[in-house]
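Naming: A, B, ... by sequence-line order, numbering from 1 per chain. Just so you know, these numbers use all the heavy atoms, side chains as well, and skip hydrogens, waters and symmetry mates.
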2 protein chains.
Amino acid sequence: MNYCSDCGQPVNLMIPADDHRPRYVCHSCGVIHYQNPKLVVGCIPEWENKILLCRRDIEPKKDKWTLPAGYLENGETVENGAVRETMEETGAAVTGVAPYLLFDIPHINQLYLMFHSRLVKPEYHVTPESSELKLFDEKEIPWDEIAFKVIEKTLEQYFKDRQTGRYPFQIQKIELH
Amino acid sequence: MNYCSDCGQPVNLMIPADDHRPRYVCHSCGVIHYQNPKLVVGCIPEWENKILLCRRDIEPKKDKWTLPAGYLENGETVENGAVRETMEETGAAVTGVAPYLLFDIPHINQLYLMFHSRLVKPEYHVTPESSELKLFDEKEIPWDEIAFKVIEKTLEQYFKDRQTGRYPFQIQKIELH
(Lines give C-alpha, C1' and ligand atoms only; values in the text may rest on other atoms or scores of the structure.)
Protein backbone atom coordinates (compact mmCIF):
# COMPACT_ATOMS: atom_id res chain seq x y z
CA MET A 1 0.00 0.00 0.00
CA ASN A 2 1.41 3.36 -1.12
CA TYR A 3 -1.59 5.70 -1.21
CA CYS A 4 -4.70 6.26 0.88
CA SER A 5 -7.68 4.59 -0.79
CA ASP A 6 -9.99 7.22 0.74
CA CYS A 7 -8.23 10.47 -0.24
CA GLY A 8 -5.40 9.47 -2.65
CA GLN A 9 -2.55 10.99 -0.60
CA PRO A 10 0.59 8.98 0.37
CA VAL A 11 0.41 6.72 3.45
CA ASN A 12 3.13 5.91 5.99
CA LEU A 13 3.74 2.66 7.79
CA MET A 14 3.75 3.48 11.53
CA ILE A 15 2.45 2.29 14.89
CA PRO A 16 -0.62 4.40 15.77
CA ALA A 17 -1.20 5.60 19.36
CA ASP A 18 -2.88 2.87 21.47
CA ASP A 19 -1.73 0.18 19.04
CA HIS A 20 1.15 -2.31 18.96
CA ARG A 21 1.50 -3.02 15.27
CA PRO A 22 2.62 -1.03 12.23
CA ARG A 23 -0.34 0.14 10.11
CA TYR A 24 -0.65 2.18 6.95
CA VAL A 25 -1.74 5.62 8.18
CA CYS A 26 -2.83 8.58 6.06
CA HIS A 27 -1.55 11.84 7.52
CA SER A 28 -3.75 13.81 5.18
CA CYS A 29 -7.19 12.45 6.15
CA GLY A 30 -6.20 10.47 9.27
CA VAL A 31 -7.56 7.08 8.21
CA ILE A 32 -5.76 3.96 9.47
CA HIS A 33 -5.81 1.18 6.87
CA TYR A 34 -5.93 -2.17 8.70
CA GLN A 35 -4.93 -5.28 6.77
CA ASN A 36 -6.25 -8.69 7.81
CA PRO A 37 -6.04 -12.33 6.72
CA LYS A 38 -8.26 -13.59 3.91
CA LEU A 39 -10.37 -16.72 4.07
CA VAL A 40 -10.38 -19.33 1.30
CA VAL A 41 -13.32 -21.76 1.30
CA GLY A 42 -13.52 -25.05 -0.58
CA CYS A 43 -14.87 -28.58 -0.76
CA ILE A 44 -13.74 -32.18 -0.81
CA PRO A 45 -16.32 -33.50 -3.31
CA GLU A 46 -16.91 -37.26 -2.79
CA TRP A 47 -18.51 -39.67 -5.18
CA GLU A 48 -18.74 -43.22 -3.89
CA ASN A 49 -15.18 -44.16 -3.00
CA LYS A 50 -13.56 -41.37 -5.00
CA ILE A 51 -12.97 -37.65 -4.75
CA LEU A 52 -12.99 -35.01 -7.46
CA LEU A 53 -9.79 -33.11 -8.19
CA CYS A 54 -9.24 -30.25 -10.68
CA ARG A 55 -6.19 -29.69 -12.82
CA ARG A 56 -5.49 -25.95 -12.57
CA ASP A 57 -5.67 -23.99 -15.80
CA ILE A 58 -4.51 -20.77 -14.15
CA GLU A 59 -1.38 -19.59 -12.36
CA PRO A 60 -0.02 -20.13 -9.80
CA LYS A 61 0.64 -23.87 -10.09
CA LYS A 62 -0.95 -24.22 -13.53
CA ASP A 63 -1.38 -27.90 -14.50
CA LYS A 64 -1.11 -29.11 -10.90
CA TRP A 65 -4.06 -30.83 -9.19
CA THR A 66 -6.17 -29.23 -6.47
CA LEU A 67 -9.50 -29.27 -4.66
CA PRO A 68 -12.06 -26.61 -5.63
CA ALA A 69 -11.52 -23.56 -3.37
CA GLY A 70 -11.34 -19.79 -3.57
CA TYR A 71 -11.70 -16.54 -1.65
CA LEU A 72 -14.88 -16.00 0.32
CA GLU A 73 -16.70 -13.01 -1.16
CA ASN A 74 -18.30 -10.15 0.74
CA GLY A 75 -21.96 -10.87 1.46
CA GLU A 76 -21.82 -14.66 1.28
CA THR A 77 -21.70 -17.40 3.91
CA VAL A 78 -18.77 -19.79 4.16
CA GLU A 79 -20.89 -22.74 3.05
CA ASN A 80 -22.34 -20.85 0.07
CA GLY A 81 -18.83 -19.73 -0.87
CA ALA A 82 -17.50 -23.30 -0.83
CA VAL A 83 -20.44 -24.53 -2.94
CA ARG A 84 -20.02 -21.63 -5.39
CA GLU A 85 -16.30 -22.23 -5.82
CA THR A 86 -16.95 -25.93 -6.44
CA MET A 87 -19.50 -25.09 -9.14
CA GLU A 88 -17.22 -22.48 -10.72
CA GLU A 89 -14.16 -24.73 -10.84
CA THR A 90 -15.72 -28.13 -11.57
CA GLY A 91 -19.25 -27.52 -12.88
CA ALA A 92 -20.47 -29.89 -10.17
CA ALA A 93 -23.19 -29.47 -7.54
CA VAL A 94 -22.42 -30.74 -4.03
CA THR A 95 -24.62 -31.69 -1.09
CA GLY A 96 -24.09 -32.81 2.51
CA VAL A 97 -21.70 -29.90 2.97
CA ALA A 98 -20.15 -29.93 6.47
CA PRO A 99 -17.27 -27.93 7.97
CA TYR A 100 -14.22 -30.15 8.35
CA LEU A 101 -10.72 -28.58 8.36
CA LEU A 102 -9.58 -25.05 9.14
CA PHE A 103 -5.99 -24.24 8.23
CA ASP A 104 -4.03 -21.29 9.56
CA ILE A 105 -1.45 -20.20 6.98
CA PRO A 106 -0.02 -17.18 8.82
CA HIS A 107 3.03 -16.64 6.62
CA ILE A 108 0.77 -15.72 3.69
CA ASN A 109 -2.03 -14.16 5.78
CA GLN A 110 -4.55 -16.77 4.67
CA LEU A 111 -6.98 -19.21 6.21
CA TYR A 112 -8.52 -22.20 4.42
CA LEU A 113 -11.84 -23.66 5.52
CA MET A 114 -12.46 -26.97 3.76
CA PHE A 115 -15.86 -28.68 3.78
CA HIS A 116 -16.68 -32.35 3.52
CA SER A 117 -19.25 -32.85 0.72
CA ARG A 118 -20.75 -35.27 -1.80
CA LEU A 119 -21.42 -34.79 -5.50
CA VAL A 120 -25.16 -34.70 -6.22
CA LYS A 121 -24.36 -36.80 -9.32
CA PRO A 122 -21.10 -37.73 -11.06
CA GLU A 123 -21.33 -34.82 -13.49
CA TYR A 124 -18.63 -32.17 -13.87
CA HIS A 125 -16.86 -30.44 -16.71
CA VAL A 126 -13.86 -28.36 -17.75
CA THR A 127 -14.18 -24.71 -16.70
CA PRO A 128 -12.14 -21.53 -17.28
CA GLU A 129 -10.15 -22.40 -14.15
CA SER A 130 -9.74 -26.18 -14.64
CA SER A 131 -8.37 -27.91 -17.72
CA GLU A 132 -9.27 -31.42 -16.49
CA LEU A 133 -11.54 -32.90 -13.83
CA LYS A 134 -11.19 -36.44 -12.57
CA LEU A 135 -12.50 -38.71 -9.81
CA PHE A 136 -9.58 -40.33 -7.98
CA ASP A 137 -9.62 -43.19 -5.52
CA GLU A 138 -7.02 -43.08 -2.76
CA LYS A 139 -4.42 -45.14 -4.63
CA GLU A 140 -4.63 -42.91 -7.69
CA ILE A 141 -4.06 -39.53 -5.97
CA PRO A 142 -1.20 -37.74 -7.81
CA TRP A 143 0.63 -36.82 -4.58
CA ASP A 144 3.63 -35.40 -6.44
CA GLU A 145 1.44 -33.09 -8.50
CA ILE A 146 -0.74 -31.47 -5.83
CA ALA A 147 -0.75 -27.68 -6.25
CA PHE A 148 -0.54 -26.55 -2.60
CA LYS A 149 0.59 -27.92 0.74
CA VAL A 150 -2.80 -27.07 2.29
CA ILE A 151 -4.52 -29.30 -0.28
CA GLU A 152 -2.02 -32.12 0.35
CA LYS A 153 -2.72 -31.85 4.12
CA THR A 154 -6.48 -31.81 3.50
CA LEU A 155 -6.27 -35.00 1.43
CA GLU A 156 -4.00 -36.71 3.98
CA GLN A 157 -6.39 -35.94 6.84
CA TYR A 158 -9.39 -36.94 4.78
CA PHE A 159 -8.02 -40.37 3.90
CA LYS A 160 -6.95 -40.87 7.51
CA ASP A 161 -10.41 -39.99 8.85
CA ARG A 162 -12.12 -42.01 6.13
CA GLN A 163 -10.81 -45.17 7.78
CA THR A 164 -13.07 -44.41 10.74
CA GLY A 165 -15.91 -42.86 8.73
CA ARG A 166 -15.89 -39.81 11.01
CA TYR A 167 -14.73 -36.32 10.02
CA PRO A 168 -14.41 -34.28 13.23
CA PHE A 169 -13.75 -30.57 12.77
CA GLN A 170 -10.18 -29.56 13.51
CA ILE A 171 -7.71 -26.73 13.09
CA GLN A 172 -4.24 -27.25 11.62
CA LYS A 173 -1.38 -24.88 10.86
CA ILE A 174 0.61 -24.77 7.65
CA GLU A 175 4.15 -23.57 8.22
CA LEU A 176 6.56 -22.12 5.72
CA HIS A 177 9.08 -24.94 6.22
CA MET B 1 -12.59 3.08 -1.87
CA ASN B 2 -11.94 6.12 -4.06
CA TYR B 3 -8.27 5.87 -5.03
CA CYS B 4 -5.85 3.10 -6.01
CA SER B 5 -3.72 2.17 -2.99
CA ASP B 6 -0.89 1.16 -5.36
CA CYS B 7 -0.62 4.22 -7.63
CA GLY B 8 -2.90 6.89 -6.09
CA GLN B 9 -5.11 7.39 -9.18
CA PRO B 10 -8.96 7.20 -9.00
CA VAL B 11 -10.60 3.77 -9.16
CA ASN B 12 -13.91 2.77 -10.76
CA LEU B 13 -16.39 0.19 -9.56
CA MET B 14 -16.91 -2.22 -12.49
CA ILE B 15 -17.18 -5.91 -13.33
CA PRO B 16 -13.80 -7.04 -14.70
CA ALA B 17 -13.61 -9.45 -17.67
CA ASP B 18 -13.97 -13.10 -16.51
CA ASP B 19 -15.64 -11.96 -13.29
CA HIS B 20 -19.23 -11.70 -12.07
CA ARG B 21 -18.96 -9.09 -9.34
CA PRO B 22 -18.24 -5.37 -9.24
CA ARG B 23 -14.67 -4.61 -8.11
CA TYR B 24 -12.68 -1.45 -7.63
CA VAL B 25 -10.45 -1.30 -10.71
CA CYS B 26 -7.62 1.14 -11.36
CA HIS B 27 -7.53 2.16 -15.02
CA SER B 28 -4.17 3.79 -14.54
CA CYS B 29 -2.11 0.82 -13.27
CA GLY B 30 -4.63 -1.98 -13.95
CA VAL B 31 -4.82 -3.38 -10.42
CA ILE B 32 -8.11 -4.92 -9.28
CA HIS B 33 -8.75 -4.28 -5.57
CA TYR B 34 -10.67 -7.25 -4.15
CA GLN B 35 -12.51 -6.79 -0.88
CA ASN B 36 -13.23 -9.76 1.37
CA PRO B 37 -14.85 -10.54 4.73
CA LYS B 38 -12.88 -10.05 7.93
CA LEU B 39 -12.59 -12.61 10.69
CA VAL B 40 -13.14 -11.76 14.35
CA VAL B 41 -11.79 -14.26 16.89
CA GLY B 42 -12.72 -14.49 20.55
CA CYS B 43 -13.18 -16.62 23.65
CA ILE B 44 -15.82 -17.73 26.11
CA PRO B 45 -13.66 -17.69 29.27
CA GLU B 46 -15.04 -20.09 31.89
CA TRP B 47 -14.23 -20.18 35.57
CA GLU B 48 -16.03 -22.90 37.49
CA ASN B 49 -19.71 -22.33 36.79
CA LYS B 50 -19.28 -18.76 35.54
CA ILE B 51 -18.10 -16.95 32.47
CA LEU B 52 -16.19 -13.71 32.14
CA LEU B 53 -17.84 -10.76 30.40
CA CYS B 54 -16.36 -7.33 29.65
CA ARG B 55 -18.16 -4.01 29.82
CA ARG B 56 -17.07 -2.13 26.70
CA ASP B 57 -15.21 1.11 27.27
CA ILE B 58 -15.09 1.94 23.55
CA GLU B 59 -17.62 2.61 20.82
CA PRO B 60 -19.65 1.07 19.32
CA LYS B 61 -21.90 -0.13 22.14
CA LYS B 62 -19.89 1.53 24.89
CA ASP B 63 -21.02 0.34 28.37
CA LYS B 64 -22.68 -2.80 26.98
CA TRP B 65 -21.40 -6.27 27.92
CA THR B 66 -19.49 -8.55 25.56
CA LEU B 67 -17.12 -11.49 25.28
CA PRO B 68 -13.47 -10.73 24.49
CA ALA B 69 -13.04 -10.76 20.69
CA GLY B 70 -11.39 -8.77 17.93
CA TYR B 71 -10.01 -8.86 14.40
CA LEU B 72 -7.53 -11.59 13.54
CA GLU B 73 -4.23 -9.94 12.63
CA ASN B 74 -1.98 -10.77 9.71
CA GLY B 75 0.62 -13.37 10.68
CA GLU B 76 -1.23 -14.95 13.61
CA THR B 77 -3.25 -18.13 14.02
CA VAL B 78 -6.93 -18.06 14.96
CA GLU B 79 -6.24 -19.59 18.37
CA ASN B 80 -3.41 -17.16 19.12
CA GLY B 81 -5.64 -14.28 18.02
CA ALA B 82 -8.45 -15.35 20.35
CA VAL B 83 -6.04 -15.72 23.29
CA ARG B 84 -4.42 -12.34 22.52
CA GLU B 85 -7.77 -10.55 22.35
CA THR B 86 -8.80 -12.11 25.65
CA MET B 87 -5.59 -10.90 27.29
CA GLU B 88 -5.92 -7.41 25.76
CA GLU B 89 -9.55 -6.94 26.79
CA THR B 90 -9.64 -8.72 30.17
CA GLY B 91 -6.04 -9.09 31.36
CA ALA B 92 -6.77 -12.81 31.76
CA ALA B 93 -4.90 -15.86 30.48
CA VAL B 94 -6.99 -18.73 29.10
CA THR B 95 -6.27 -22.40 28.52
CA GLY B 96 -8.13 -25.39 27.02
CA VAL B 97 -8.90 -23.25 23.98
CA ALA B 98 -11.07 -25.16 21.48
CA PRO B 99 -12.94 -24.00 18.35
CA TYR B 100 -16.65 -23.87 19.06
CA LEU B 101 -18.90 -21.52 17.04
CA LEU B 102 -18.39 -19.92 13.63
CA PHE B 103 -20.85 -17.17 12.71
CA ASP B 104 -21.44 -15.88 9.21
CA ILE B 105 -22.50 -12.22 9.36
CA PRO B 106 -22.73 -11.53 5.61
CA HIS B 107 -24.56 -8.19 5.84
CA ILE B 108 -21.50 -6.63 7.49
CA ASN B 109 -18.88 -8.79 5.71
CA GLN B 110 -17.70 -10.35 8.95
CA LEU B 111 -17.16 -13.79 10.43
CA TYR B 112 -16.84 -14.55 14.14
CA LEU B 113 -14.95 -17.62 15.36
CA MET B 114 -15.56 -18.13 19.07
CA PHE B 115 -13.49 -20.54 21.16
CA HIS B 116 -14.45 -22.42 24.28
CA SER B 117 -11.83 -21.78 26.99
CA ARG B 118 -11.08 -21.72 30.71
CA LEU B 119 -9.39 -19.05 32.80
CA VAL B 120 -6.02 -20.20 34.08
CA LYS B 121 -6.91 -18.48 37.36
CA PRO B 122 -9.69 -16.08 38.37
CA GLU B 123 -7.56 -13.01 37.72
CA TYR B 124 -8.52 -10.22 35.33
CA HIS B 125 -8.52 -6.45 35.34
CA VAL B 126 -9.84 -3.30 33.72
CA THR B 127 -8.11 -2.54 30.39
CA PRO B 128 -8.21 0.34 27.88
CA GLU B 129 -11.07 -1.49 26.12
CA SER B 130 -13.06 -2.70 29.16
CA SER B 131 -14.30 -0.54 32.03
CA GLU B 132 -15.47 -3.52 34.11
CA LEU B 133 -14.89 -7.28 34.15
CA LYS B 134 -17.16 -9.70 35.93
CA LEU B 135 -17.76 -13.44 36.25
CA PHE B 136 -21.45 -14.20 35.65
CA ASP B 137 -23.36 -17.38 36.28
CA GLU B 138 -26.18 -18.16 33.87
CA LYS B 139 -28.91 -16.51 35.95
CA GLU B 140 -26.94 -13.27 36.21
CA ILE B 141 -26.24 -12.72 32.47
CA PRO B 142 -27.39 -9.17 31.57
CA TRP B 143 -29.30 -10.29 28.46
CA ASP B 144 -30.72 -6.83 27.80
CA GLU B 145 -27.29 -5.23 27.88
CA ILE B 146 -25.32 -7.52 25.55
CA ALA B 147 -23.44 -5.45 22.94
CA PHE B 148 -23.94 -7.55 19.81
CA LYS B 149 -26.36 -10.18 18.50
CA VAL B 150 -23.45 -12.52 17.73
CA ILE B 151 -22.43 -12.45 21.40
CA GLU B 152 -26.01 -13.06 22.52
CA LYS B 153 -26.20 -16.09 20.16
CA THR B 154 -22.85 -17.36 21.43
CA LEU B 155 -24.04 -17.20 25.04
CA GLU B 156 -27.38 -18.85 24.21
CA GLN B 157 -25.68 -21.76 22.43
CA TYR B 158 -23.10 -22.08 25.19
CA PHE B 159 -25.67 -22.38 27.99
CA LYS B 160 -27.68 -24.82 25.87
CA ASP B 161 -24.66 -27.04 25.21
CA ARG B 162 -23.50 -26.76 28.80
CA GLN B 163 -26.50 -28.81 29.86
CA THR B 164 -24.94 -31.76 27.98
CA GLY B 165 -21.31 -30.87 28.75
CA ARG B 166 -20.44 -31.15 25.05
CA TYR B 167 -19.55 -28.25 22.77
CA PRO B 168 -19.63 -29.56 19.20
CA PHE B 169 -18.33 -27.19 16.53
CA GLN B 170 -21.06 -25.58 14.46
CA ILE B 171 -21.72 -22.78 12.01
CA GLN B 172 -24.56 -20.30 12.46
CA LYS B 173 -25.70 -17.29 10.47
CA ILE B 174 -26.56 -13.89 11.88
CA GLU B 175 -29.14 -12.08 9.77
CA LEU B 176 -29.93 -8.40 9.65
CA HIS B 177 -33.51 -8.92 10.85
Side-chain angles (χ1 to χ4, degrees), chain A residues 1-11 18-24 26 29 33-41 58 70-81 84 88 97-100 102-111 113 115 128-129 168-175, chain B residues 1-11 18-24 26 29 33-41 58 70-81 84 88 97-100 102-111 113 115 128-129 168-175:
Chain A
M1 171 166 244
N2 303 310
Y3 296 92
C4 175
S5 52
D6 282 22
C7 77
Q9 296 304 301
V11 291
D18 304 325
D19 202 339
H20 308 284
R21 291 162 195 262
R23 315 283 183 186
Y24 289 102
C26 178
C29 73
H33 296 278
Y34 295 93
Q35 296 187 314
N36 302 86
K38 293 196 177 194
L39 179 61
V40 173
V41 288
I58 49 175
Y71 287 115
L72 181 67
E73 296 278 5
N74 275 352
E76 78 181 347
T77 64
V78 286
E79 181 176 322
N80 287 352
R84 173 185 55 75
E88 285 178 6
V97 180
Y100 176 34
L102 178 63
F103 291 92
D104 287 300
I105 319 182
H107 66 277
I108 53 170
N109 303 322
Q110 283 188 357
L111 298 150
L113 178 58
F115 289 78
E129 295 175 55
F169 179 79
Q170 59 174 274
I171 298 178
Q172 293 187 18
K173 181 179 175 182
I174 305 283
E175 312 221 41
Chain B
M1 172 166 245
N2 303 310
Y3 297 91
C4 175
S5 51
D6 281 22
C7 78
Q9 296 303 302
V11 291
D18 305 324
D19 203 340
H20 308 284
R21 290 162 195 263
R23 313 284 182 185
Y24 290 102
C26 178
C29 74
H33 297 278
Y34 296 93
Q35 296 187 313
N36 303 86
K38 293 195 177 193
L39 179 60
V40 172
V41 288
I58 49 174
Y71 287 115
L72 181 67
E73 296 278 5
N74 276 351
E76 77 181 347
T77 65
V78 286
E79 181 176 324
N80 287 352
R84 173 185 55 74
E88 285 178 8
V97 180
Y100 176 34
L102 178 63
F103 291 92
D104 287 301
I105 319 181
H107 67 277
I108 53 169
N109 304 321
Q110 283 189 358
L111 297 151
L113 178 58
F115 288 78
E129 295 175 56
F169 179 79
Q170 60 173 273
I171 298 178
Q172 293 187 18
K173 182 179 175 182
I174 305 283
E175 314 220 39

Region of A:D104 in contact with chain B, defined by heavy-atom distances below 4.5 Å: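 It is the side chain, since no backbone atom gets that close.
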Identify which part of A:I108 has an atom lying under 4.5 Å from any heavy atom of chain B, answering side chain, backbone, both or neither.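 When you check distances to chain B, no heavy atom of A:I108 falls under 4.5 Å.
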With side chain to side chain contact (heavy atoms under 4.5 Å, CB included) as the criterion, how do A:F103 and B:V78 come out once you've worked through the C-alpha distance, each side chain's angles and the decisive distance to 0.1 Å? CA-CA 9 Å; A:F103 291 92; B:V78 286; over 6 Å; no
Report the option among B:E88, B:K38, B:H33 that has the most heavy-atom pairs separated by less than 4.5 Å from atoms of chain A.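 Top count of heavy-atom pairs under 4.5 Å with chain A: B:K38.
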Which one of B:M1, B:H20, B:H107 has the most heavy-atom pairs closer than 4.5 Å to chain A?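 Heavy-atom pair counts peak at B:M1.
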Given a strict heavy-atom distance threshold of 4.5 Å, which part of [X] is in contact with chain A: side chain, backbone, both, or neither?
X      : answer
B:P37  : both
B:I105 : neither
B:L113 : side chain
B:Y34  : both

Heavy-atom pairs under 4.5 Å with chain B, option from A:N80, A:T77, A:L102, A:I171 with the top count: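 Looking at each option in turn, the highest pair count goes to A:T77.
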Best-contacting candidate, A:L72, A:L39, A:D18, against chain B by heavy atom pairs under 4.5 angstrom: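 Option with the greatest count: A:L72.
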Can you tell me how far the [atom1] atom of [X] sits from the [atom2] atom of [Y], to the nearest 0.5 Å?
X      : Y      : atom1 : atom2 : result
A:E73  : B:Q35  : CD    : CD    : 10.5 Å
B:Y3   : A:C4   : OH    : SG    : 9.5 Å
B:N74  : A:Q110 : CG    : CD    : 10.5 Å
B:K173 : A:E79  : NZ    : CD    : 10.5 Å
B:E76  : A:N36  : CD    : CG    : 9.5 Å

Side-chain (A:N2) to main-chain (B:C7) donor-acceptor, under 3.5 angstrom: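 Such a contact is absent between A:N2 side chain and B:C7 backbone.
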